> 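If you scroll down you'll find the structure; I have some questions about it.
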Amino acid sequence: MNLPAHRERSFGPWMGSVQNPLIIAGPCSAESLEQVLETAQALKSEGHTQLFRAGVWKPRTRPGQFEGAGYNALEWLQTMRQEVGLPFVIEVANADHVEKALAVQADAVWIGARTTVNPFYVQEIAEALRGTRIPVLVKNPIHADLGLWLGALERLDKEGLTDLAAVHRGFFSSFAAPYRNEPRWEMSFELRRQAPHIPIICDPSHIAGDRRLVEHVAQIAMDIQMDGLMVEVHPDPEQALSDAAQQITPTTLASLWRTLEANAPKDVALQEVIDAERLKLDAVDQEMVHLLRQRMDIVDALGQLKVSHGAGIFQMDRWFDLLQKRGLQAESLDLNRAFIEELFQVVHKYSVEHQVGVYRATRQNREE
Ligand code: PEP
Ligand code: MN
């Protein structure tokens, strides 16, 4: 990513350090002035929430569902800020939303998962935000494409927006169960690697899709040191006009914070033990890469042999045999069979790719 890497991770006035997670909470949608005020008052008195979230224009998968209260919701949020004192963040999906958000001096805006997927929309939003200093949160795109996520952050950066954060809300997948969206935590690790200065906030509500799983997901996010949480909270979740299954009450949120605080790592000496174990892991990993190098040498020799005898690269039976053998070995060593099978799928894919390269090079040489 082309953003400067030297800055400490920060976001607006709310987050100055990694030790200080940013807490965003509020309803999926602003539904009425009463609902907004009741939620915000409960969050304010509970004390952890720094930024109040509420959807004003709702992107719905199917038409005919509640699409947000629009302009009225903006007025409720301004009233809430005045009466309760919480700054607010809303979703923007086009230049018109941006204009309206800026007109009511929204304290921050977020770009939703259905918008991050489309560079045209993101560019339009980035240009509409040009010249402002408003903090912007970028949710991950619906499908697991890191380039789109980074690209959205870059488009905003190019327009001069400096207070940027990413929101990990999980990814569409047919294998998401028991969650609504598959977490794919490795996507956030890769985002952290490529853009270390961008805070990553976890949205356990949209990952979980079920209020009973929200705390579990939030705990994982804190354990892997994400920089904050965005949680959907509603005074009467079952009656919510959007995302009813995943919203929790302010009281549940308060008990969730207590659990997270109780589970926060306290033992400083522990770091030394962890570092020592990591050295052992490094040694094993190094050995694994050496072995993969050796394996690839054999794959290469085999490729040459196949090509010189005009044999095909891929034999289905051999692949099933490999999978079966390594699967059984995994089980006998008490390793998750699916884990080892997945690992070998990657190993095999790159081996086949390598041999295809050998074939191509040989054919090219023959033609010359
Ligand atoms: C939301 O936060 O309510 C929302 C619509 O989120 P996402 O873009 O992650 O689906
Ligand atoms: Mn929602």
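Any value given below was found using the heavy atoms of this structure, including those in side chains, with hydrogens, waters and symmetry copies removed. We count residues from 1, following the sequence as given. Just so it is clear, the model here is predicted, and its values are computed rather than measured. Counting starts at 1 for both ligands and their atoms, in listed order.
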> Taking the side chain as every heavy atom from C-beta outward, state whether Arg295 and Ser351 have any atom pair closer than 4.5 Å.
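Touching, per the 4.5 Å side-chain cut-off.
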> With a 6.0 Å cut-off (strictly less than), is the heavy-atom count around CD of Glu75, excluding the residue itself, greater than 12?
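Correct, the count exceeds 12.
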> Before moving on, can you tell me the angle at the Mn ion (ligand 2) between the OD2 atom of Asp243 and the NE2 atom of His206, to the nearest 10 degrees?
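OD2 of Asp243, the Mn ion (ligand 2) and NE2 of His206 span an angle of about 80°.
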> Ignoring hydrogens and angles, state whether a donor on the side chain of Glu232 or His234 is under 3.5 Å from an acceptor on the partner side chain.
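No - no donor-acceptor pair under 3.5 Å links their side chains.
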> Within the protein, flag every N or O under 3.5 Å from an N or O of ligand 1, and note the pair and distance.
residue, atom, partner, partner atom, Å
ligand 1, 2 (O), Arg53, NH1, 2.7
ligand 1, 2 (O), Arg53, NH2, 3.3
ligand 1, 2 (O), Lys139, NZ, 2.8
ligand 1, 3 (O), Arg53, NH2, 2.9
ligand 1, 3 (O), Lys58, NZ, 2.8
ligand 1, 3 (O), His206, NE2, 3.4
ligand 1, 3 (O), Glu232, OE2, 3.2
ligand 1, 6 (O), Lys139, NZ, 2.9
ligand 1, 8 (O), Ala113, N, 2.7
ligand 1, 9 (O), Lys139, NZ, 2.9
ligand 1, 9 (O), Arg169, NE, 2.6
ligand 1, 10 (O), Arg114, NH1, 2.9
ligand 1, 10 (O), Arg169, NH2, 2.8

> Among His168, Met226, Met230, exactly one meets side-chain contact (heavy atoms from CB on, under 4.5 Å) together with Ile201. Which residue is that?
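Checked His168, Met226, Met230 against Ile201; only one passes side-chain contact (heavy atoms from CB on, under 4.5 Å): Met230.
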> Of all N/O/S atoms in Glu232, which lies nearest to the Mn ion (ligand 2)?
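Within Glu232, restricted to N, O or S, the Mn ion (ligand 2) is closest to atom OE2.
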> Could you tell me if the side chain of Cys28 sits less than 4.5 Å from the side chain of Arg53, heavy atoms only?
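In short, these two side chains touch, coming nearer than 4.5 Å.
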> Is any side-chain heavy atom of Phe314 less than 4.5 Å from a side-chain heavy atom of His348?
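They are in contact (side-chain heavy atoms under 4.5 Å apart), so the answer is yes.
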> Hey, are the side chains of Glu83 and Leu37 touching, using non-hydrogen atoms and a 4.5 Å cut-off?
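SC-SC contact between Glu83 and Leu37 confirmed.
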